[in-house]
Amino acid sequence: MTIPENWRKSSYSGSGDGNACLEIANSRTRIAVRDSKAPARAPLTFPVGAFAPFVEFVRASVDAG
């Protein structure tokens, strides 16, 4: 599998903590997520259809507390 090269940081990344966030990249078939502090490490990848349910699960987990 080829990892996409179009990495971008979260819009929530602000000054100061801007380097302590996740980056995301996508291709037609996969979405990749990596730690911006360790970009050389292997990213976590998802099929495109599995990414939205993963994000919703994370949001629900954070909201639950």
Side-chain angles (χ1 to χ4, degrees):
M1 183 191 102
T2 302
I3 300 300
E5 293 299 322
N6 59 339
W7 294 102
R8 58 197 182 279
K9 289 186 180 180
S10 167
S11 61
Y12 290 97
S13 298
S15 61
D17 290 330
N19 291 328
C21 67
L22 295 178
E23 295 177 320
I24 187 170
N26 63 298
S27 70
R28 286 187 349 201
T29 60
R30 307 288 297 178
I31 300 206
V33 179
R34 72 180 181 186
D35 182 348
S36 64
K37 285 186 172 181
R41 287 188 164 175
L44 181 62
T45 64
F46 299 87
V48 169
F51 188 69
F54 170 75
V55 171
E56 290 303 318
F57 173 79
V58 171
R59 283 184 182 154
S61 297
V62 169
D63 290 342

Checklist entry - Can any side-chain N or O of Ser36 pair as donor or acceptor with the backbone N or O of Glu23 at less than 3.5 Å? => result no
Item to check | Residues in side chain to side chain contact (heavy atoms under 4.5 Å, CB included) contact with Val58, at least two apart in sequence or another chain | outcome: Phe54, Val62
Next on the checklist: Can you give me the closest heavy-atom contact between Ala25 and Asn6, atom names plus distance?
Outcome noted: CB-OD1, 3.4 Å
Item to check | Partner residues of Arg8 under the side chain to side chain donor-acceptor pair (under 3.5 Å) criterion, sequence neighbours left out | outcome: Asn26
Checklist entry - Can you name the closest pair of heavy atoms from Ala32 and Thr45 and give their distance? => result CB-CG2, 3.9 Å
Checklist entry - Which residue pairs satisfy the ring pair (Phe, Tyr, Trp, His ring centres under 6.0 Å) criterion with at least one member in residues 23-45, sequence neighbours excluded? => result none
Checklist outcome for this item: When rounded to the nearest 0.5 Å, the distance separating CG of Leu44 from CG of Leu22 is 9.5 Å
Checklist outcome for this item: Residues pairing under ring pair (Phe, Tyr, Trp, His ring centres under 6.0 Å) where one sits in residues 24-45, two or more places apart or in two chains, turn out to be none
Checklist entry - Does any pair with a residue in residues 50-60 pass salt bridge (Lys or Arg N to Asp or Glu O under 4.0 Å), and if so which ones, sequence neighbours excluded? => result Glu56-Arg59
Checklist entry - With Pro47, which residues qualify under side chain to side chain contact (heavy atoms under 4.5 Å, CB included), at least two apart? => result Arg30, Ala50
